[in-house]
Amino acid sequence: MTLDLLYFAWVRERIGQPRERVETAAATVTDLVAELRRREERYDLAFSDLKSLRVALDQELSDFDAPLAGVREVAFFPPMTGG
């Protein structure tokens, strides 16, 4: 499947780009992250602590165990703070 990946804030800075389109056979977000971490060190660094990340699937907040079937867009971002 083809997914559009969006990266925000320090995730974007570590990966070095705001978005990309990837081909993947990953079944869940966790599988996708593992696949990305194997690609290059910058992905490994960006996804080294999943507790400091949030994920949205097709603009709906989700979790890392969520399935990717039928998903078009995956966004990764740090937790938001108010103020």
Side-chain angles (χ1 to χ4, degrees):
M1 84 185 95
T2 301
L3 294 173
D4 289 320
L5 306 183
L6 306 177
Y7 308 112
F8 294 94
W10 59 261
V11 183
R12 176 183 59 225
E13 292 170 12
R14 288 183 184 173
I15 291 176
Q17 57 191 8
R19 65 184 319 142
E20 66 182 316
R21 181 168 281 179
V22 299
E23 283 290 326
T24 182
T28 67
V29 176
T30 299
D31 295 341
L32 175 64
V33 167
E35 184 179 299
L36 291 169
R37 291 185 74 181
R38 288 190 298 268
R39 288 173 70 181
E40 292 179 41
E41 185 176 346
R42 60 187 172 134
Y43 293 95
D44 190 40
L45 177 63
F47 294 111
S48 63
D49 181 11
L50 294 184
K51 292 178 185 168
S52 64
L53 285 174
R54 299 292 180 264
V55 62
L57 304 179
D58 292 334
Q59 301 184 11
E60 294 283 334
L61 192 60
S62 189
D63 61 57
F64 286 84
D65 293 329
L68 292 173
V71 171
R72 294 179 313 248
E73 179 187 275
V74 181
F76 296 100
F77 51 92
M80 293 173 243
T81 60

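Residue numbers start at 1 and run along the sequence shown.
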ILVMFWY cluster, L36 and W10 together (side-chain gap under 4.5 Å): yes
Same hydrophobic cluster for L50 and L61, using side-chain heavy-atom links shorter than 4.5 Å among ILVMFWY? no
Considering residues at least two apart in sequence or located in another chain, which fulfil the side chain to side chain donor-acceptor pair (under 3.5 Å) criterion with S52? none
Sequence neighbours left out, what passes side chain to side chain donor-acceptor pair (under 3.5 Å) with R37? Give chain and number order. D44
N/O donor-acceptor pairs under 3.5 Å from side chains in residues 62-78, not counting sequence neighbours:
residue, atom, partner, partner atom, Å
D63, OD1, D65, N, 2.9
D63, OD1, A66, N, 3.1

Can you name the closest pair of heavy atoms from [X] and [Y] and give their distance?
{"X": "A26", "Y": "M1", "answer": "O-CE, 3.2 Å"}
{"X": "L45", "Y": "S48", "answer": "O-OG, 3.0 Å"}
{"X": "R42", "Y": "R14", "answer": "CB-O, 3.5 Å"}

Is the side chain of R19 donor-acceptor paired with the backbone N or O of L6 at a distance under 3.5 Å, no angle test? no
Taking the side chain as C-beta and beyond, is there a heavy-atom pair between [X] and [Y] under 4.5 Å?
{"X": "L32", "Y": "F47", "answer": "no"}
{"X": "V55", "Y": "E60", "answer": "no"}
{"X": "T28", "Y": "V33", "answer": "no"}
{"X": "T2", "Y": "V22", "answer": "no"}

Is it true that atom CZ of R39 has more than 12 heavy atoms of other residues, nucleotides or ligands lying nearer than 6.0 Å? yes
Should we say atom CD of Q17 is surrounded by more than 12 heavy atoms from elsewhere, each under 6.0 Å from it? yes
Rounding to 0.5 Å, atoms CG (D31) and OG1 (T24) come to a distance of 8.0 Å
Rounded distance [0.5 Å steps], OH in Y43 versus CZ in R38: 13.5 Å
Just by distance, with hydrogens left out, do E20 and Y7 show a side-chain donor and acceptor under 3.5 Å apart? yes
